[in-house]
Amino acid sequence: QVQLVESGGGLVQPGGSLRLSCSVSGFTLDYYAIGWFHQAPGREREGVVCISSSDGSTNYSDSVKGRFTISRDNAKNTVYLQMNSLKPEDTAVYYCAGRRRFCPRRGLVDYWGQGIQVTVSS
């Protein structure tokens, strides 16, 4: 049974940091790319960043470049999203997603996590 489980969300003040984790079971990260998406109320789900299955290359959206860092630990089958310098506009539900070989894109996702809330507010 495939599962992607996000953890690490919560409430943080502007300028603060959070680290999200995506724990994967049912498939191995050796063959799957993992992406993080976010969805704010009333808005569409958008891709934030992806890490490839092959060489660990990454692709960030402009809105998070320089502030967020994705990494993976294949031995633990876990992908991390370190979020620094958080802004109120980062407030959203964050989802991790898996796709075999290629980065997940909206409409091209094999598996979704259940999502986790991140709220940036003073």
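Remember, it's a predicted structure, so these values are computed and weren't measured experimentally.
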Notebook entry, point to check: When the ring planes of F27 and Y32 are compared, do they come out parallel, tilted or perpendicular, using 30° and 60° as the limits?
Noted result: tilted
Check: Members other than W112 in its cluster, when Ile, Leu, Val, Met, Phe, Trp, Tyr link by side-chain heavy atoms under 4.5 Å?
Finding: F37, V93, Y95, V109
Next item on the list: Indicate the atoms forming the closest heavy-atom contact of L18 with L86, along with that distance.
Entry: N-CD1, 3.8 Å
Check: Does a side-chain heavy-atom distance below 4.5 Å link L81 with T69?
Finding: no
Note to self: Please check: side-chain N/O of T91 versus main-chain N/O of V120, any donor-acceptor pairing under 3.5 Å?
What the structure shows: yes
Note to self: Applying side-chain hydrogen bond (donor to acceptor under 3.5 Å, both in side chains) to Q117 and T119, what does each step give before you reach the verdict?
What the structure shows: CA-CA 6 Å; Q117 180 69 44; T119 302; 3.3 Å; yes
Note to self: Quick check: do V48 and Y60 have side-chain heavy atoms less than 4.5 Å from each other?
What the structure shows: no
Check: Can any side-chain N or O of S63 pair as donor or acceptor with the backbone N or O of S61 at less than 3.5 Å?
Finding: no
Next item on the list: Determine whether V49 and F102 fall in the same hydrophobic cluster, where Ile, Leu, Val, Met, Phe, Trp and Tyr are linked whenever their side-chain heavy atoms lie under 4.5 Å apart.
Entry: no
Next item on the list: Look at the side chain of N59 and the backbone N and O of I51, then say whether any donor-acceptor pair between them is shorter than 3.5 Å.
Entry: no
Checklist line | CD-OH distance between Q39 and Y94, expressed to the nearest 0.5 angstrom | finding: 12.0 Å
Next item on the list: Start with the C-alpha distance between Q3 and V24, add both sets of side-chain angles, then the distance that settles side chain to side chain contact (heavy atoms under 4.5 Å, CB included), and finish with yes or no.
Entry: CA-CA 6 Å; Q3 276 193 308; V24 173; over 6 Å; no
Next item on the list: Show the numbers, then the answer: is there a side chain to side chain contact (heavy atoms under 4.5 Å, CB included) between S17 and Q82?
Entry: CA-CA 7 Å; S17 298; Q82 179 67 43; 3.9 Å; yes
Next item on the list: Mind jotting down which residue pairs meet the salt bridge (Lys or Arg N to Asp or Glu O under 4.0 Å) criterion with at least one end in residues 44-58? Sequence neighbours excluded, please.
Entry: R43-E46, E44-R106
Note to self: For the OH atom of Y111 and the CG atom of L4, what is their distance to the nearest 0.5 Å?
What the structure shows: 9.5 Å
Check: Is K65 paired with D62 through a side-chain N to carboxylate O contact shorter than 4.0 Å?
Finding: yes
Notebook entry, point to check: Would a 4.5 Å heavy-atom cut-off, applied to side chains only, mark S53 and Y31 as touching?
Noted result: no
Checklist line | Intermediate values then yes/no, side chain to side chain contact (heavy atoms under 4.5 Å, CB included), R72 and I70 | finding: CA-CA 7 Å; R72 68 182 187 193; I70 191 171; over 6 Å; no
Item checked: Check: D90 and V118 side chains under 4.5 Å, non-hydrogen atoms -> no
Checklist line | pair V5-Q114: side-chain heavy atoms closer than 4.5 Å | finding: yes
Margin query: Give me each pair satisfying disulfide (SG to SG under 2.5 Å) with a member in residues 78-122, each pair once, sequence neighbours excluded.
Written below: C22-C96, C50-C103
Item checked: I34 with Y80, same ILVMFWY side-chain cluster at under 4.5 Å -> no
Notebook entry, point to check: Under 3.5 Å, side chain of S52 to main-chain N/O of S57, donor-acceptor pair present?
Noted result: yes
Notebook entry, point to check: Where do L108 and R99 come nearest, in terms of heavy atoms and distance?
Noted result: O-CD, 3.2 Å
Checklist line | Heavy-atom side-chain contact between T28 and N77 under 4.5 Å | finding: yes
Margin query: Using only atom types and a distance under 3.5 Å, with no angle test, would you say the side chain of D110 pairs donor to acceptor with the backbone of R100?
Written below: yes
Notebook entry, point to check: Can you name the nearest heavy-atom pair linking E6 to G115, along with the distance?
Noted result: OE1-N, 3.0 Å
